[in-house]
S.K.: 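This is the structure I want to talk about, given as structure tokens.
Throughout, numbering of the chain's residues begins at 1 and tracks the sequence. Everything quoted here is computed from the prediction, not taken from an experiment.
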Amino acid sequence: MRCVIIVPTFNEAATLPTLLSSLETVRATTGRASIDVLVVDDDSPDGTAALVEAHEGFGDWLALLGRTSKDGLGAAYRAGFAAAVAGGYDAIVQMDADGSHPATEIPAMLALLRTHDVVLGSRYVPGGATENWPLRRRALSWCANAYARRVLGLSTRDTTAGFRAWRIDALVRAGVLRTTSTGYGFQVENTWRCERLGLRVAEHPITFTERTAGASKMSAEVAREAAVMVVRWRLAELTSARPLPVGATGAMLRR
């Protein structure tokens with residue numbers, strides 16, 4: 001299995017070196033998969049891109065996709081996913097750069113892809129947890145998940161999970177490259193698409209750890225966008241018999 005781990009960044013110079021070190025360890029201990037890493041950087045002014053280019057793995061297993069605009073998490077992921085599809089990979093892992101997603105769980109998630117189409121690193125199944133979260137953050141996350149599950153009729157427990165492993169064919173079938181959401185609603189939209197298409201979704205328990213450096217990209221505006229889009233998706237479902245759009249390709253991955 002050829003896998004690429006896609007990491008979107010904006011001002012993550014303080015946290016990315018630790019993540020890359022962890023991913024290097026994962027690469028060395030995962031015998032049944034060939035793992036590369038693609039950092040998708042939205043023109044970070046803190047030198048994140050230069051840090052990637054200076055890494056000893058750059059040009060070998062580490063690649064950089066530089067973007068000139070910061071237009072949302074969803075757009076960054078779509079750019080990385082398109083490069084992965086064009087690069088002929090079998091699987092994709094998506095994860096944050098801030099250390100909140102445990103890289104040590106990647107082998108287990110890839111193993112689950114043998115029998116599933118999508119694997120979510122889930123906080124809300126038995127064995128999953130959050131660490132160092134304030135009460136307000138816990139409440140916001142729980143309510144966001146409950147809201148999305150109720151409005152869209154989803155069975156997935158962690159609909160907003162950002163740590164995911166995909167089979168490439170499943171990602172294309174779900175039409176992820178043709179999605180429209182830009183913020184954290186991107187994760188909910190993809191969960192909804194996966195369930196509606198009957199993809200085999202597994203939730204693998206993880207412990208989500210709050211970042212120790214840098215600033216969170218979550219804001220009230222991002223949360224509002226996600227809430228509004230959830231309603232729009234459901235209304236579109238109720239008023240249209242057309243299936244979800246699927247299929248797309250993208251630009252070549254550069255090393």
S.K.: If you measure from CG on Leu112 to CG on Leu110, what distance do you get to the nearest 0.5 Å?
M.R.: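 Result: 9.0 Å between the selected atoms.
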S.K.: Give a yes or no answer on whether the side chain of Arg2 reaches the backbone of Gly87 with a donor-acceptor pair at less than 3.5 Å.
M.R.: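 Pair found, side chain donor or acceptor close to backbone of Gly87.
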S.K.: Can you tell me if Thr160 and Arg123 form a side-chain donor-acceptor pair at under 3.5 Å?
M.R.: yes
S.K.: Are Arg164 and Ser122 close enough, and set up right, to give a side-chain hydrogen bond (donor to acceptor under 3.5 Å, both in side chains), and what steps lead you there?
M.R.: CA-CA 9 Å; Arg164 305 183 179 211; Ser122 179; over 6 Å; no
S.K.: Pairing donors with acceptors under 3.5 angstrom, does anything connect the side chains of Thr179 and Arg78?
M.R.: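 Distance-only check passes for Thr179 and Arg78.
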S.K.: With sequence neighbours excluded, tell me which residues meet salt bridge (Lys or Arg N to Asp or Glu O under 4.0 Å) with Asp90.
M.R.: none
S.K.: Around Arg200, counting heavy atoms of other residues, nucleotides and ligands shown, do more than 12 lie under 6.0 Å from its CZ?
M.R.: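 Check passes, neighbour count above 12.
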S.K.: For Glu210, is there any backbone N or O sitting under 3.5 Å from a side-chain donor or acceptor partner on Glu131?
M.R.: no
S.K.: To the nearest 0.5 Å, what is the distance between OG1 (Thr9) and CG (Asp98)?
M.R.: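 One finds 11.5 Å between OG1 of Thr9 and CG of Asp98.
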S.K.: Using a 3.5 Å distance criterion without hydrogens, assess whether the side chain of Arg149 forms a donor-acceptor pair with backbone atoms of Thr156.
M.R.: yes
S.K.: Sub-3.5 Å donor-acceptor pair from the side chain of Thr29 to the main-chain atoms of Thr25, do we have one?
M.R.: yes
S.K.: Glu203 and side-chain contact (heavy atoms from CB on, under 4.5 Å): which partner among Val118, Val119, Val125?
M.R.: Val125
S.K.: Are Ile106 and Leu23 side-chain neighbours, meaning at least one heavy-atom pair lies under 4.5 Å?
M.R.: yes
S.K.: Please lay out, stage by stage, how Thr159 and Asn145 fare under the test side-chain hydrogen bond (donor to acceptor under 3.5 Å, both in side chains).
M.R.: CA-CA 6 Å; Thr159 65; Asn145 270 285; 2.9 Å; yes
S.K.: Hey, are the side chains of Val228 and Val230 touching, using non-hydrogen atoms and a 4.5 Å cut-off?
M.R.: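 Not touching, per the 4.5 Å side-chain cut-off.
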S.K.: Excluding sequence neighbours, so at least two apart, what forms side chain to side chain contact (heavy atoms under 4.5 Å, CB included) with Asp46?
M.R.: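 With neighbours one apart ignored, the set is Asn11, Ala13, Ser44, Thr48.
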S.K.: Give every residue pair that meets the ring-ring contact (aromatic ring centres under 6.0 Å, His included) criterion with at least one member in residues 98-136, sequence neighbours excluded.
M.R.: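 Qualifying pairs, neighbours excluded: His101-Phe163, His101-Phe208, Trp133-Phe208.
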S.K.: Could you tell me whether the side chains of Thr15 and Glu12 share a donor-acceptor contact shorter than 3.5 Å?
M.R.: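 Distance-only check passes for Thr15 and Glu12.
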S.K.: Out of curiosity, does Trp142 fall in the hydrophobic cluster containing Leu140 (side-chain heavy atoms, cut-off under 4.5 Å, transitive links)?
M.R.: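 Leu140 does not cluster with Trp142.
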S.K.: Using the rule that two of Ile, Leu, Val, Met, Phe, Trp, Tyr join whenever any of their side-chain heavy atoms come within less than 4.5 Å, decide whether Leu154 and Leu235 are in one cluster.
M.R.: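 Same cluster: Leu154 reaches Leu235 through Ile, Leu, Val, Met, Phe, Trp or Tyr contacts under 4.5 Å.
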